[in-house]
Amino acid sequence: IPVEDVTPGTVAVLVEADGTETVIKTSLTTENGVAVTLSDGDTVKIVDNSKTFTDVPDSHWAAEAVDFAASRELFQGTGGDTFAPEAAMSRAMILTVLARLEGVDTSAGDTWYSAGLQWAVEAGISDGSAPEQGLTREQLALMLYRYAGQPSGYYSNPFKDVGATSEASYYKAILWAVGKGITTGTSATTFSPYASCNRAEAVTFLYRYTNGL
């Protein structure tokens, strides 16, 4: 759909016959507009749904990714007008984000993450253990890899801290993530698989993955 002055926060919104509107979370921005998959008879409108966070200025390295994810209602702020980019990401948070990307209603359940956790277990994204535990870089790579369907085709391993003797699923997931341009590691020769992942890093992984499909 051609759009002038497109931004990362430009989204397609599905308009139902009763006037209900839903942001299409998989809509992607292109150089000249928005790319979106629609069904026959769908009615959409294009809006700039950008969110403003005081702790994510335009100069922040993750600003574009934050704008993309927040405008599609994949990530939410942490209260008021803050995003908390340096705050730790939990396993429950990323499962909820992926569930939203899949179109799951994550507002139901006994806890804020119940619906996302249930979906993730049923979809084989996670075993559901320790949802409130901090998310590591290798866990994030593995969850995205599983969400992508565990595609075949891997890449050479430049990392001294990622070995083939590691659990096979993590090894493949990390090399896949690097090969797809989702991450470049923490240096030319290290991935830091066990390092904790903050919200800025997680949203950037997701942004690069989503736009690389």
Side-chain donor-acceptor distances from residues 30-42 under 3.5 Å, at least two apart:
residue : atom : partner : partner atom : Å
T30     : OG1  : N32     : N            : 3.4
T30     : OG1  : G33     : N            : 3.0
T30     : OG1  : G33     : O            : 3.1
D42     : OD2  : S39     : N            : 2.8

Exercise for the section: For the pair Y145 and W176, name the ring-plane relationship: parallel under 30°, tilted 30 to 60°, perpendicular over 60°. Expected result: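 Plane angle between 30° and 60°, so tilted.
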
Considering residues at least two apart in sequence or located in another chain, which fulfil the side-chain hydrogen bond (donor to acceptor under 3.5 Å, both in side chains) criterion with [X]?
X: T111; answer: S114
X: K25; answer: none
X: E73; answer: none
X: E4; answer: none

Practice task
Mind listing the closest non-hydrogen atom pair of T10 and T29 along with its distance?
Solution key: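 Smallest interatomic distance, heavy atoms only, reads O-CG2, 3.4 Å.
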
Handout entry: Side-chain hydrophobic cluster, 4.5 Å single linkage: members besides V11
Key =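 Via sub-4.5 Å side-chain contacts, V11 links to V13, V23, V47.
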
Closer than 3.5 angstrom, by distance alone: can the side chain of [X] be matched with the main-chain N or O of [Y] as a donor-acceptor pair?
X: E122; Y: W119; answer: no
X: T82; Y: A84; answer: no
X: S187; Y: T190; answer: yes

Exercise for the section: Can you sort out the partners of E21 under salt bridge (Lys or Arg N to Asp or Glu O under 4.0 Å), two or more places apart, ordered by chain and number? Expected result: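 Once residues adjacent in sequence are excluded, the partners of E21 under the salt bridge (Lys or Arg N to Asp or Glu O under 4.0 Å) criterion are K45.
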
Exercise for the section: Identify, with sequence neighbours excluded, every residue that meets side chain to side chain contact (heavy atoms under 4.5 Å, CB included) alongside T106. Expected result: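 Counting only residues at least two positions away or on another chain, T106 forms a side chain to side chain contact (heavy atoms under 4.5 Å, CB included) with T96, A99, R100, V104.
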
Handout entry: Path from I125 to L101 over hydrophobic side-chain contacts below 4.5 Å
Key =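 Looking at the clustering, L101 is in the same group as I125.
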
Handout entry: Same apolar cluster (I L V M F W Y, side chains within < 4.5 Å links), L142/Y155
Key =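 Each belongs to a different hydrophobic cluster.
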
Exercise for the section: Sequence neighbours left out, what passes ring-ring contact (aromatic ring centres under 6.0 Å, His included) with F159? Give chain and number order. Expected result: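 In terms of ring-ring contact (aromatic ring centres under 6.0 Å, His included), with neighbours along the sequence ignored, F159 is linked to F191.
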
Exercise for the section: Identify, with sequence neighbours excluded, every residue that meets ring-ring contact (aromatic ring centres under 6.0 Å, His included) alongside Y207. Expected result: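 For Y207 the ring-ring contact (aromatic ring centres under 6.0 Å, His included) partners, ignoring immediate neighbours, are F68.
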
Problem - From E64 atom CD to N211 atom CG, the distance as rounded to the nearest 0.5 Å - result: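 Result: 8.0 Å between the selected atoms.
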
Exercise for the section: Give, for atom OG of S126 and atom CD of Q139, the distance between the pair rounded to the nearest 0.5 Å. Expected result: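 Answer rounded to 0.5 Å: 8.5 Å.
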
Exercise for the section: Answer whether the closest heavy-atom distance between the side chains of L135 and M143 falls below 4.5 Å. Expected result: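 The answer is yes; the side chains approach within 4.5 Å.
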
Practice task
Sequence neighbours left out, what pairs pass ring pair (Phe, Tyr, Trp, His ring centres under 6.0 Å) with at least one residue falling in residues 16-58?
Solution key: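 Listed by first then second residue: F53-F83.
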
Handout entry: Where at least one partner belongs to residues 79-92, residue pairs that pass salt bridge (Lys or Arg N to Asp or Glu O under 4.0 Å), sequence neighbours excluded
Key =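 Of all non-adjacent pairs touching residues 79-92, those that pass salt bridge (Lys or Arg N to Asp or Glu O under 4.0 Å) are R91-D127.
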
